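To start, the structure itself, in structure tokens.
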Amino acid sequence: MLDPKRIRNNPDVIRESLIKRNESTENLDRFLELDEKRRGILTELEKLKNLRNSESEEIARLKKEGKDAGVKIEEMREVSDKIKSMEADLGEVEGELNLVLMSIPNVPHSSVPVGKSDEDNVEVRRWADPTKFNFEPKAHWDIGENLGILDFATASKVTGSRFVFLRGLGARLEMALINFMLTLHTTKHGYVEVFPPFMVHRHSMEGTGQLPKFEEDAFKVAGTDYFLIPTAEVPVTNMYREQILDKSDLPIYHVAYSACFRSEAGSAGRDTRGLIRQHQFNKVEMVKIVEPETSYDELEKMVNDAEDVLQTLGIPYRVVAISTADLGFTAAKKYDLEIWMPSYGRYVEISSCSNCEDFQARRADMKYRPGQGEKARYVHTLNGSGVAVGRTTAAILENYQQPDGSVLIPEALRPFMGGIDRITKGNAMGRR
RNA sequence: GGAGAGAUGGCUGAGUGGUCGAAGGCGCGCGACUGGAAAUCGCGUGUACCCUCAAAAAAGGGUACCGAGGGUUCAAAUCCCUCUCUCUCCGCCA
């Protein structure tokens, strides 16, 4: 959420930012209209309340002195009726105003490339060359199904499409990746691990910006007001909602494993094969709560932390600066990490690292006190995948596949796999 | 799931219809005292929004906020209803 005063005082800045994002300026205009209406009602309403307060005092005084207050009480009855009806009007205006305000995206940082589509994202750097094969490489779903470690058919029988059973060393590989990533971030990069709830209530979803605008993307738990989390960013960032932190608490670095649940509404027909786009997937997420002055440095460091995962695993990737057209709703700036996927013949997103500045902090009311007696300020929040686990599994299967259909395990992962260095048809079920 | 108790400011803890943004204490800040400190004393110490004035800040005025939402009343921390959360006991359960 943007600062309403900022919108009111600099509507042109906001308008420009919406145009850069290729978004409609309808909500902005509606905001300006409602904002003015609200203040009009409020001014008048507060005058009436002031009258009621002072006259109530007068009534109390008269009664104490044993005098008759009947006339004033009668007057105030009318005033109170007026107040009640104006409050109803105000409530209506504020309800819509809030909805409109919550639907305006963050303002892109000046360094964000301006673009018309995701084509305009700018490659920042590459690490390693795309994997070369001296045989015809297979897609990970074929490799996995041949080895018996990926089982999409059973998942669609038990649940539905876009789910998977991992079996044997496939399951082991997924768990090993989770543990590897958590270990790397906690021991090398200074993050504190948390294991969050996988469901949150509506306010938390609003706090991090998934609601109210994107309700159709989320899974709601029937009979409750809970949502399955689309990312651990939601519970972990909201840990600090409605709170004033101490300056000495900052920066906060958290890393969390969670399953993530996404309805993938609007993605019908895309990435229907394999692990790339599932309704449920595993992710290791990094979250930072920092002082505003440091947030852009912290973003660069966070990207490096995610890159370290891929470098240590030896997966070719590139870093992309996301353009205004492709920037997420809450982000002021975002980098994607994209891994090389032989089956796609291109780079595929495996991590997004965003600086949300105070956009989420404002929604979730997360502040810190810069010093004794100083006014509390909004913190800046960052989040980044460190990294998506299912896609990493897919990337390992594809980039480490061998001509005989077996898959090598990256060296750094072997300690987390009980020393196993290769998945073959013979050992794939993990029996000894 | 059943029974009970509770939710008040940074913390603690009073307050059962009007003089309550809210006693007292603690903490914190400023000042006095002191060579310096402790102790003591004095003063101060929430947030959001609106208006005035302004480039902005500050200042002044106002409104709201005692878990959340609604109701009664001229007037609600206080009375009524609904909900949420916490604690205790019982039941169930990985």
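Given the structure is predicted, the values throughout are model-derived calculations rather than measurements.
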*Hey, is the side chain of A:Thr43 poking within less than 4.0 Å of OP1 or OP2 on B:rG62, counting only N and O atoms?*
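It does not, given that no N or O in the side chain of A:Thr43 lies less than 4.0 Å from OP1 or OP2 of B:rG62.
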*Under 4.0 Å between a side-chain N or O of A:Lys367 and OP1 or OP2 of B:rG10?*
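Answer is no, no contact under 4.0 Å.
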Counting side-chain heavy atoms from CB outward, which of [options] is closest to [X]?
| X | options | answer |
| --- | --- | --- |
| A:Arg38 | B:rA75, B:rC49, B:rA64 | B:rC49 |
| A:Lys5 | B:rA48, B:rG18, B:rC50 | B:rC50 |
| A:Asn50 | B:rC85, B:rC74, B:rU63 | B:rU63 |
| A:Asn53 | B:rC74, B:rU47, B:rU63 | B:rU63 |
| A:Ser56 | B:rC85, B:rC49, B:rA75 | B:rA75 |

_For A:Asp29, is there an ion pair with A:Arg15 - N to carboxylate O distance below 4.0 angstrom?_
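A salt bridge links A:Arg15 with A:Asp29.
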Using whole Å, what does the distance between atom [atom2] of nucleotide [N] and atom [atom1] of [X] come to?
| X | N | atom1 | atom2 | result |
| --- | --- | --- | --- | --- |
| A:Lys49 | B:rC74 | NZ | C1' | 15 Å |
| A:Lys67 | B:rG18 | NZ | C1' | 17 Å |
| A:Lys72 | B:rG18 | NZ | P | 20 Å |
| A:Gln243 | B:rU47 | CD | P | 17 Å |
| A:Ile59 | B:rG17 | CD1 | P | 18 Å |
| A:Arg202 | B:rC83 | CZ | P | 19 Å |
| A:Leu45 | B:rA64 | CG | P | 9 Å |
| A:Arg241 | B:rC85 | CZ | P | 14 Å |

Nucleotide paired to [N] in any strand shown, Watson-Crick or G-U, under 3.5 Å:
| N | value |
| --- | --- |
| B:rG10 | B:rC26 |
| B:rG60 | B:rC51 |
| B:rG21 | none |
| B:rU86 | B:rA5 |
| B:rG91 | none |
| B:rU40 | B:rA32 |
| B:rC65 | B:rG46 |

Could you give the distance separating [M] and [N] at their [atom1] atoms, to the nearest angstrom?
| N | M | atom1 | result |
| --- | --- | --- | --- |
| B:rU78 | B:rU72 | C1' | 13 Å |
| B:rG13 | B:rG6 | C1' | 14 Å |
| B:rG67 | B:rA94 | C1' | 32 Å |
| B:rA14 | B:rA77 | C1' | 12 Å |
| B:rG25 | B:rU40 | P | 12 Å |
| B:rA22 | B:rU82 | C1' | 27 Å |
| B:rA38 | B:rA54 | P | 46 Å |
| B:rC53 | B:rU86 | P | 49 Å |

*Return the 5'-most residue of the pair A:Glu46, A:Glu57 with respect to RNA chain B, ranking by each residue's nearest nucleotide.*
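Per heavy-atom nearest nucleotide, the more 5' residue is A:Glu57.
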*Residue mapping more 5' on RNA chain B - nearest nucleotide basis, A:Ala60 or A:Asp35*: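 Comparing both residues, the 5'-ward one is A:Ala60.
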*Look at all strands and tell whether A:Arg52 reaches a base, only sugar-phosphate, or nothing, counting heavy atoms closer than 4.0 Å.*
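The residue A:Arg52 makes sugar-phosphate contact but no base contact.
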*Contact class for A:Arg8 (heavy atom, under 4.0 Å): base, sugar-phosphate, or nothing?*
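Counting heavy atoms under 4.0 Å across all strands, the contact made by A:Arg8 is with sugar-phosphate only.
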_Taking salt bridge (Lys or Arg N to Asp or Glu O under 4.0 Å) as the criterion, tell me which of A:Lys5, A:Arg30, A:Arg8 meets it with A:Asp35._
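When A:Lys5, A:Arg30, A:Arg8 are each tested with A:Asp35, the salt bridge (Lys or Arg N to Asp or Glu O under 4.0 Å) holds only for A:Arg8.
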_Closest contact, heavy atoms only, A:Lys333 versus A:Leu299_ =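 That would be CG-CD2, 3.9 Å.
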*Exercise: identify the closest heavy-atom pair between A:Arg38 and A:Leu97*: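 Residues A:Arg38 and A:Leu97, closest heavy atoms: CD-CD2, 3.6 Å.
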*Is there a donor-acceptor contact under 3.5 Å linking the side chains of A:Thr330 and A:Asn106?*
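Distance-only check fails for A:Thr330 and A:Asn106.
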*Would you kindly say whether A:Glu233 and A:Thr208 are connected by a side-chain donor-acceptor distance under 3.5 Å?*
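Their side chains do not contain a donor-acceptor pair, so the 3.5 Å distance test is not met.
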*With side chains defined as the heavy atoms from C-beta onward, is the minimum distance between A:Leu250 and A:Val290 less than 4.5 Å?*
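Of all side-chain heavy-atom pairs linking A:Val290 with A:Leu250, none is under 4.5 Å.
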*asked:* Parallel, tilted or perpendicular: which one describes the rings of A:His185 and A:His189, with boundaries at 30° and 60°?
replied: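 Correct class here is tilted.
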*Under 3.5 Å, is there an N or O donor on one side and an acceptor on the other linking the side chain of A:Lys47 and the base of B:rU63?*
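It does not, because no donor-acceptor pair links the side chain of A:Lys47 to the base of B:rU63 below 3.5 Å.
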